[in-house]
Enquirer: 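Provided herewith is a single structure, encoded as structure tokens, for subsequent inquiry.
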Amino acid sequence: GATDAEGRPWASIRAGAPGFVAAPDARRLAISAHPPVGDPLTQAIGLDTAVGLLGIEFHSRRRNRMNGRVTAIAADGIEVTVDQSFGACPQYIQKRQFEFRQGPGQAAAPRRGAQFDTDAQRLIATADTFFIATQGPKGAAASNGVDVSNRGGKPGFVRLEDETTLVWPEFVGNFMFNTLGNLELDPRAGLLFVDFESGDLLYATGEARVTWDGPEVAAFAGAERFVRFRLRETILLPAALPLRWDFEAYSPALDATGNWRQMDETLSAEAARNSYRSLVVDRVVAESDEISSFFLKPGDGAALPDYRPGQFLPVKLSPAGEGTALTRTYTLSDAPGGDHYRLSIKREGGNPPGRVSSHFHDHLKPGDEIQAMGPRGKFALDDSQRPLVLISAGVGITPMIAMLNHVVREGARTRFHRPVWFLHGARNGAALAFGAHVRGLAAARDSLTLHTRFSRPGGGDELGVTHDSEGHIDLALLQTLLPLDDYEFYLCGPQGFMQDLYGALRGIGVPEARLHYEAFGPATVLKGPSTGDAQAEAPSGDPVDVTFAKAVRKVSWDPSRGSLLDLAEQEGLSPAFSCRSGLCGTCAVPLRSGAVDYLEPPLTPPEDGEILICCATPRGGSGPVVLDI
């Protein structure tokens with residue numbers, strides 16, 4: 001990589017038989033090769049020219065980066081003195097075996113233009129590799145100069161938006177930001193595409209801008225950001241390279257990346273996330289005596305809306321004997337980013353047993369269909385890098401597995417392994433879901449600490465093998481396992497389990513902001529009286545009297561008390577609810593008098609004369625609210 005007389009960067013290439021590059025000493029590199037005829041940097045390379053070099057072997061996936069200046073020019077090439085040199089990881093390098101041809105033969109005339117012509121578009125559309133040259137600010141510092149690097153992806157990862165515009169995804173790199181840092185300071189860039197079969201070379205120079213985030217970036221699997229390149233000049237040199245390659249294998253790092261079609265489908269799915277669509281049961285897997293996982297794929301084969309680990313899926317189905325369809329919400333029990341959803345559902349006992357859970361277990365089989373909206377829910381994994389403590393009991397393990405799998409996958413992708421303590425309580429081994437899976441993850445990762453506690457071990461359970469301790473998860477266990485640190489806690493399980501742990505953690509000074517929870521049961525408000533933490537400022541609003549008519553109780557509401565469902569639970573009442581998102585209609589109650597506003601518009605509007613208390617608040621200035629609770 002270097003700049004021409006106009007200061008424009010170009011990415012260029014030198015190739016030769018093995019041995020054409022030598023290091024006379026630790027500070028110099030001699031390159032015995034000339035550029036192809038028509039190369040844009042032929043006249044630009046002179047004494048003291050700043051250059052960026054990338055030495056790359058496709059067959060070994062090895063590469064080394066170097067920046068320096070030309071300190072000698074000889075008949076057979078140039079010598080460069082090193083300013084910086086470093087090895088780089090082998091990510092995104094496709095494996096190829098090369099064949100060297102002594103000369104390029106009769107060189108065809110270079111084809112210059114201000115647009116990507118048909119041949120250039122063909123090369124770009126099939127490319128799985130290209131090279132990019134950028135430059136830093138002028139100056140004497142070693143970090144100021146020219147840099148060149150490679151980019152790799154699945155064929156077609158570079159998208160041609162029009163005859164002068166390209167865009168490509170940037171995946172996780174080496175965290176040095178040589179290329180992107182330069183582009184933030186100077187958007188000028190040079191690209192080089194190589195046809196590995198024909199030896200054609202496509203050069204381009206222009207400006208590149210980074211899109212750091214947004215819905216499109218989020219929808220492209222594996223993308224951290226996009227770069228959009230606008231062309232100023234292009235040069236095509238047919239059959240100019242004296243090397244040919246035979247393709248062997250794509251980089252394993254590409255397995256976690258998507259493509260443009262999938263991105264477009266994901267964006268379409270996101271736009272329709274509030275509409276029901278058909279999902280087909282792909283397979284059913286028993287996870288324990290009580291819990292089975294149902295793998296769901298889209299009936300139309302299109303992409304699924306994304307979600308955050310911990311969120312739930314609203315479903316609608318008609319169990320046998322039911323006159324109308326029933327809606328339920330079930331937590332997604334796997335990391336996002338796949339081609340399916342997984343629901344791990346407990347068979348609910350009781351008399352009568354759970355209608356929908358029983359229908360799942362007794363009747364749904366591969367090929368059956370259910371209806372579902374896009375995932376949603378406020379209980380979701382944060383994006384911080386703080387150590388993570390996941391604590392669950394019973395079927396509360398389902399969101400924790402989604403979070404754990406996501407953290408493990410992200411660690412493999414980004415090479416930042418977030419410390420995780422995973423604590424789960426179960427009756428015994430027969431009731432334990434995902435036990436072997438979590439043990440396997442813990443055995444392979446120093447960043448994951450696992451502790452399983454059984455309350456009533458069975459005959460086949462063995463302390464130290466199937467479980468780590470006996471009893472119930474409590475504060476004493478946490479204080480034994482957790483070093484002093486600033487953790488994010490996530491809690492999920494039955495109401496008593498949740499209340500005890502929440503109170504214990506608050507009692508030893510864990511801030512409310514570090515405690516995230518989801519409970520199964522009639523009430524989910526765990527917060528007790530304030531213990532002096534700084535509180536978020538409540539929204540403004542005048543107090544309103546609320547009467548729970550059936551309970552014969554009158555209380556004062558203000559914005560700090562949340563929704564009407566929150567208020568009822570704070571007063572010890574247990575109204576019915578399910579999704580807490582204005583979706584399922586379970587929390588609908590008659591409004592005898594007064595008026596309400598909704599924190600968010602409910603997706604399922606209530607019947608006339610009813611309100612959804614999970615997302616409703618009293619309307620100030622409209623008089624007292626009387627609810628049929």
Side-chain angles (χ1 to χ4, degrees), residues 283-295 309-310 312 330-335 342-350 353-354 357-358 360-362 379 381 388-409 420-445 447-478 480-482 489-498 500-501 517-521:
R283 57 195 172 103
V284 181
V285 176
E287 308 289 0
S288 72
D289 285 355
E290 300 173 329
I291 299 173
S292 290
S293 288
F294 297 83
F295 293 77
F312 60 78
Y330 292 106
T331 300
L332 290 150
S333 62
D334 203 355
R342 184 175 74 179
L343 303 180
S344 299
I345 299 174
K346 178 184 177 182
R347 180 191 291 273
E348 295 296 343
S357 68
S358 295
F360 266 93
H361 281 266
D362 295 336
F379 181 68
L381 184 65
L388 183 63
V389 183
L390 306 176
I391 310 175
S392 57
V395 74
I397 196 172
T398 54
M400 304 310 184
I401 287 293
M403 294 179 186
L404 177 62
N405 287 352
H406 175 75
V407 169
V408 168
R409 184 180 299 175
V420 180
W421 278 260
F422 191 98
L423 289 76
H424 181 68
R427 289 196 310 276
N428 49 48
L432 175 65
F434 305 109
H437 172 73
V438 178
R439 286 195 298 273
L441 292 180
R445 290 163 180 82
S447 58
L448 171 58
T449 301
L450 169 66
H451 191 96
T452 303
R453 174 166 278 195
F454 286 173
S455 60
R456 287 176 284 169
D461 296 328
E462 181 179 352
L463 185 64
V465 178
T466 57
H467 59 293
D468 302 293
S469 63
E470 297 177 358
H472 296 281
I473 294 176
D474 54 18
L475 181 61
L477 177 63
L478 298 184
T480 300
L481 293 176
L482 301 179
F489 290 88
Y490 286 79
L491 316 176
C492 189
Q495 177 65 21
F497 164 87
M498 299 290 298
D500 290 346
L501 280 177
Y517 60 89
E518 182 169 74
F520 301 109

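By convention here, the first residue in the shown sequence is residue 1. Quantities reported herein were computed from a predicted structural model and do not represent experimental measurements.
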Enquirer: Do the side chains of L332 and L343 get nearer than 4.5 Å, heavy atoms only?
Expert: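 L343 vs L332: side chains touch.
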
Enquirer: Would you mind reporting whether V395 and I291 have side-chain heavy atoms less than 4.5 Å apart?
Expert: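 Heavy-atom side-chain distance check passes, below 4.5 Å.
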
Enquirer: Does F312 reach the side chain of F379, with side-chain heavy atoms less than 4.5 Å apart?
Expert: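 When only atoms from C-beta onward are counted, F379 and F312 do not touch, as no gap falls below 4.5 Å.
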
Enquirer: Could you pull out the closest heavy-atom pair between M400 and L390, with the gap in Å?
Expert: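 Here M400 and L390 meet closest at O-CD1, 3.8 Å.
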
Enquirer: Could you tell me if the side chain of T466 sits less than 4.5 Å from the side chain of F454, heavy atoms only?
Expert: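 Yes - at least one pair of side-chain heavy atoms lies under 4.5 Å apart.
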
Enquirer: Is the closest side-chain heavy-atom distance between T331 and E518 below 4.5 Å?
Expert: yes

Enquirer: Where is the tightest heavy-atom contact between D468 and L450, given as atom of each residue plus distance?
Expert: OD2-O, 3.9 Å

Enquirer: Over all heavy atoms of both residues, which pair between E290 and R427 is shortest? Give the atoms and the distance, please.
Expert: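 Result for this residue pair: OE2-NH2, 3.1 Å.
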
Enquirer: Using the benzene-type ring in the case of Trp, are the ring centres of F360 and Y330 under 6.0 Å apart?
Expert: yes

Enquirer: Given side chains that start at C-beta, do those of L388 and V407 come closer than 4.5 Å, heavy atoms only?
Expert: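 A side-chain contact exists here, since the closest heavy-atom pair is under 4.5 Å.
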
Enquirer: Rounded to the nearest 0.5 Å, what's the gap from CG on L491 to CE on M498? Could you check?
Expert: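 The distance works out to 4.5 Å.
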
Enquirer: Shortest non-hydrogen contact from S292 to A286?
Expert: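 Scanning both residues, the minimum pair turns out to be OG-CA, 3.8 Å.
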
Enquirer: Show the nearest heavy-atom pair for residues F422 and I401, with the distance to one decimal.
Expert: CZ-CD1, 4.2 Å

Enquirer: Distance from L423 atom CG to H451 atom NE2, nearest 0.5 Å?
Expert: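 Taking CG in L423 and NE2 in H451, the distance rounds to 6.5 Å.
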
Enquirer: What's the shortest heavy-atom distance between C492 and F497, and which atoms?
Expert: O-CE2, 3.7 Å

Enquirer: Going by atom types only, do S392 and H424 share a side-chain donor-acceptor pair under 3.5 Å?
Expert: yes

Enquirer: Please tabulate, for side-chain N and O atoms in residues 428-440, each donor-acceptor pair with protein atoms closer than 3.5 Å (sequence neighbours left out).
Expert:
| residue | atom | partner | partner atom | Å |
| --- | --- | --- | --- | --- |
| N428 | OD1 | A430 | N | 3.1 |
| N428 | OD1 | A431 | N | 3.1 |
| N428 | ND2 | R456 | O | 3.4 |
| H437 | NE2 | N405 | OD1 | 2.8 |

Enquirer: Would you say that D362 contacts R347 through its side chain, given a criterion of any heavy-atom pair below 4.5 Å between the two side chains?
Expert: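 Yes, at least one pair of side-chain atoms sits under 4.5 Å.
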
